[in-house]
There are 2 protein chains.
Amino acid sequence: MTAPSDARARGTRLPRVRRRRQLLAAAQEVFVARGYHAAAMDEIADRAGVSKPVLYQHFPGKLELYLALLEEHSEVLVEKQREALESTHDNRQRVTASFQAYFDFVAGDGEAFRLVFESDLRNLPAVREKSEHTFQRCAELIGEVIRQDTSISDEEAHLLSIALVGMAETSARYWLNNHGSVPKDAAEQLVARLAWRGISGWDLTRSDEDD
Amino acid sequence: MTAPSDARARGTRLPRVRRRRQLLAAAQEVFVARGYHAAAMDEIADRAGVSKPVLYQHFPGKLELYLALLEEHSEVLVEKQREALESTHDNRQRVTASFQAYFDFVAGDGEAFRLVFESDLRNLPAVREKSEHTFQRCAELIGEVIRQDTSISDEEAHLLSIALVGMAETSARYWLNNHGSVPKDAAEQLVARLAWRGISGWDLTRSDEDD
DNA sequence: CGCTCATCTTACTCCCGCGTAAGTTGAGTG
DNA sequence: CACTCAACTTACGCGGGAGTAAGATGAGCG
């Protein structure tokens with residue numbers, strides 16, 4: 001928990017790019033563990049085994065440092081999602097792959113997903129927009145698939161996509177926080193089946209009460 | 001946006017309980033608009049047409065003030081959810097009612113839902129626990145219904161409930177932020193149908209690939 | 001009318017954490 | 001071996017906001 005990841009021999013000088021990468025890693029640890037507000041620039045510097053002004057030689061301020069990380073991991077999520085949906089043409093498989101991608105994202109990279117899904121800086125427009133935009137792009141990718149196979153309107157398809165993405169995000173986060181109650185792939189399969197049952201053959205049961 | 005809700009004639013004295021209610025209302029406005037961190041006790045006091053020490057005569061500190069509001073609205077959500085699920089014995093209706101309850105919650109009471117769903121203080125254990133507990137209670141209510149009608153295991157039922165609650169929360173929030181693209185009851189119906197298609201007759205398609 | 005006590009105000013203190021000015025160290029180069 | 005320039009340090013300024021004395025004010029009551 002307080003493992004200094006990588007503060008090798010406080011006192012070693014590093015070429016600029018290496019140092020920058022290391023600072024980003026240290027910042028990620030601290031922002032993830034504490035959130036934006038409780039994270040102190042001093043602690044980030046400490047964790048990198050370096051003094052504060054060094055941090056300011058690489059980033060103009062706390063906010064920019066945070067945004068750099070947010071940007072990076074947002075991209076990762078969208079990319080994972082795109083890959084998942086392009087990995088097959090079978091829609092049933094697509095659903096599974098898509099959920100898997102969400103679970104992978106949540107499970108990976110030092111819980112960086114907390115920056116994207118649980119930021120405590122969403123009141124700042126820049127952050128809110130970034131988070132929502134990421135969310136929208138994921139939904140849009142799924143929406144395209146849905147529209148291909150149904151006669152549903154664009155707006156409705158988008159809302160369904162939003163609901164599905166919300167489902168994925170929520171269940172993945174829950175699964176992570178309760179490791180052990182259900183193994184990863186079982187959770188993925190279960191939720192994917194729920195989603196697939198929900199959307200497959202949608203057109204066959206239009207506005208009449210189904211069941 | 002800067003409507004002082006209720007700063008009637010700065011200078012009127014109020015009996016203790018009335019003042020307390022008014023302070024809570026003012027605090028809610030500010031916390032909702034700015035989030036916990038950006039909210040200033042001065043602004044809350046101002047908005048209530050009162051000076052800061054008055055605030056401290058009613059609440060020991062900023063945190064307790066916030067927690068009081070969080071507690072209150074968490075209860076409201078769980079209660080709405082319980083009512084929805086008790087309002088009928090038809091499970092199809094239950095799903096609709098449950099989603100309606102979520103949308104109502106999000107649409108109501110000065111966007112107080114932001115305290116419960118979008119708190120920027122979730123890094124504080126007290127707040128995290130309260131939010132998650134609320135979430136769990138909603139899921140538990142739904143989980144009971146699911147368990148009644150399926151042979152699914154408890155853990156799996158719970159995970160499904162989590163997914164459904166996540167879907168409700170996400171789509172309700174999205175709908176609110178994009179007022180106008182879809183009318184409220186259309187959105188509710190759409191998402192409810194997605195959920196119902198997902199869970200109804202679950203047992204009929206067990207671990208074999210459906211469709 | 002003057003006493004009392006809750007309500008409310010002005011005007012601070014104090015801490016915390018971002019960002020910076022100014023100075024130090026040491027690796028590579030001619 | 002002196003010179004240079006980037007990498008790094010210590011030590012501080014400073015603003016913003018939570019929380020707090022200490023005093024004013026006014027409604028109700030005897």
Side-chain angles (χ1 to χ4, degrees), chain A residues 4 6-27 29-31 33-70 120-121 123-124 126-127, chain B residues 4 6-27 29-31 33-70 120-121 123-124 126-127:
Chain A
D6 180 45
R8 2 139 147 264
R10 166 133 205 161
T12 18
R13 294 186 172 196
L14 250 52
R16 194 165 169 79
V17 278
R18 273 185 83 75
R19 182 64 84 193
R20 185 190 156 94
R21 267 201 295 275
Q22 188 216 9
L23 288 173
L24 279 168
E29 285 179 32
V30 177
F31 281 135
R34 302 232 187 287
Y36 179 83
H37 291 101
M41 292 298 266
D42 292 273
E43 183 177 357
I44 294 173
D46 276 3
R47 171 136 342 186
V50 119
S51 74
K52 210 171 20 163
V54 171
L55 212 42
Y56 285 90
Q57 282 166 1
H58 288 265
F59 305 93
K62 187 183 182 181
L63 180 60
E64 289 79 5
L65 178 52
Y66 188 81
L67 288 176
L69 288 166
L70 186 60
D120 60 341
L121 201 61
N123 288 291
L124 199 78
V127 171
Chain B
D6 178 45
R8 1 141 144 264
R10 165 131 208 165
T12 18
R13 294 188 171 198
L14 252 52
R16 194 163 168 77
V17 279
R18 274 186 80 77
R19 182 62 84 194
R20 184 190 156 93
R21 267 200 294 276
Q22 187 216 11
L23 288 172
L24 279 168
E29 286 180 31
V30 178
F31 281 135
R34 303 231 187 289
Y36 179 84
H37 296 285
M41 291 298 266
D42 291 274
E43 183 177 357
I44 295 172
D46 276 3
R47 171 133 346 183
V50 117
S51 74
K52 210 170 21 162
V54 171
L55 213 41
Y56 284 90
Q57 283 166 1
H58 288 265
F59 305 92
K62 187 182 182 182
L63 180 60
E64 289 79 5
L65 177 53
Y66 188 80
L67 288 176
L69 288 166
L70 186 60
D120 60 340
L121 202 60
N123 288 292
L124 200 77
V127 171

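Throughout, a chain's letter reflects where its sequence line sits, starting with A, and its residues are numbered from 1.
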Round to the nearest Å and state the distance from [X] atom [atom1] to [N] atom [atom2].
X       : N      : atom1 : atom2 : value
A:Glu64 : C:dC18 : CD    : P     : 13 Å
A:His37 : D:dG16 : NE2   : P     : 15 Å
A:Asp42 : C:dG19 : CG    : P     : 11 Å
A:Phe31 : C:dG17 : CZ    : P     : 13 Å
A:Glu43 : C:dG17 : CD    : C1'   : 12 Å
B:Met41 : D:dT20 : CE    : P     : 10 Å
A:Asp46 : D:dT10 : CG    : P     : 10 Å
A:Gln22 : D:dA7  : CD    : C1'   : 13 Å

### Task
Would you indicate what A:Ala38 reaches in the nucleic acid, counting non-hydrogen atoms under 4.0 angstrom: base, sugar-phosphate, or nothing?
nothing
### Task
Using a heavy-atom cut-off of under 4.0 Å over every strand shown, decide if A:Pro15 touches base, sugar-phosphate, or nothing.
nothing
### Message
Under 4.0 Å from OP1 or OP2 of D:dA6: is there any side-chain N or O of A:Arg19 that close?
### Response
no
Looking at [options], which one has an atom nearest to any side-chain atom of [X]?
X       : options               : result
A:Lys62 : C:dT9, C:dG19, D:dG19 : C:dG19
A:Arg13 : D:dA6, D:dG19, D:dT10 : D:dA6
B:Lys52 : C:dC8, D:dT10, D:dA18 : D:dA18
A:Tyr56 : C:dG19, D:dA21, D:dT9 : C:dG19
B:Ser51 : C:dC18, C:dC8, D:dC8  : C:dC8

## Note on the structure
Which of A:Val30, A:Val127, A:Leu63 passes side chain to side chain contact (heavy atoms under 4.5 Å, CB included) with A:Tyr36? Answer is A:Leu63
### Query
Under the criterion side chain to side chain contact (heavy atoms under 4.5 Å, CB included), which of B:Arg19, B:Arg20, B:Arg21 is the partner of B:Leu23?
B:Arg19
### Task
Kindly determine whether A:Leu24 and A:Phe59 satisfy side chain to side chain contact (heavy atoms under 4.5 Å, CB included), including the steps that lead there.
CA-CA 10 Å; A:Leu24 279 168; A:Phe59 305 93; 3.8 Å; yes
### Message
Using the rule given for side chain to side chain contact (heavy atoms under 4.5 Å, CB included), can you reason through A:Leu65 versus A:Met41, listing the C-alpha separation, both sets of side-chain angles and the distance that settles it, and then say yes or no?
### Response
CA-CA 10 Å; A:Leu65 178 52; A:Met41 292 298 266; 4.3 Å; yes
### 5' priority, DNA chain C, between B:Gln57 and A:Gly61 [closest heavy atom]
B:Gln57
### Verdict with supporting geometry, B:Ile44 and B:Glu29, side chain to side chain contact (heavy atoms under 4.5 Å, CB included)
CA-CA 8 Å; B:Ile44 295 172; B:Glu29 286 180 31; over 6 Å; no
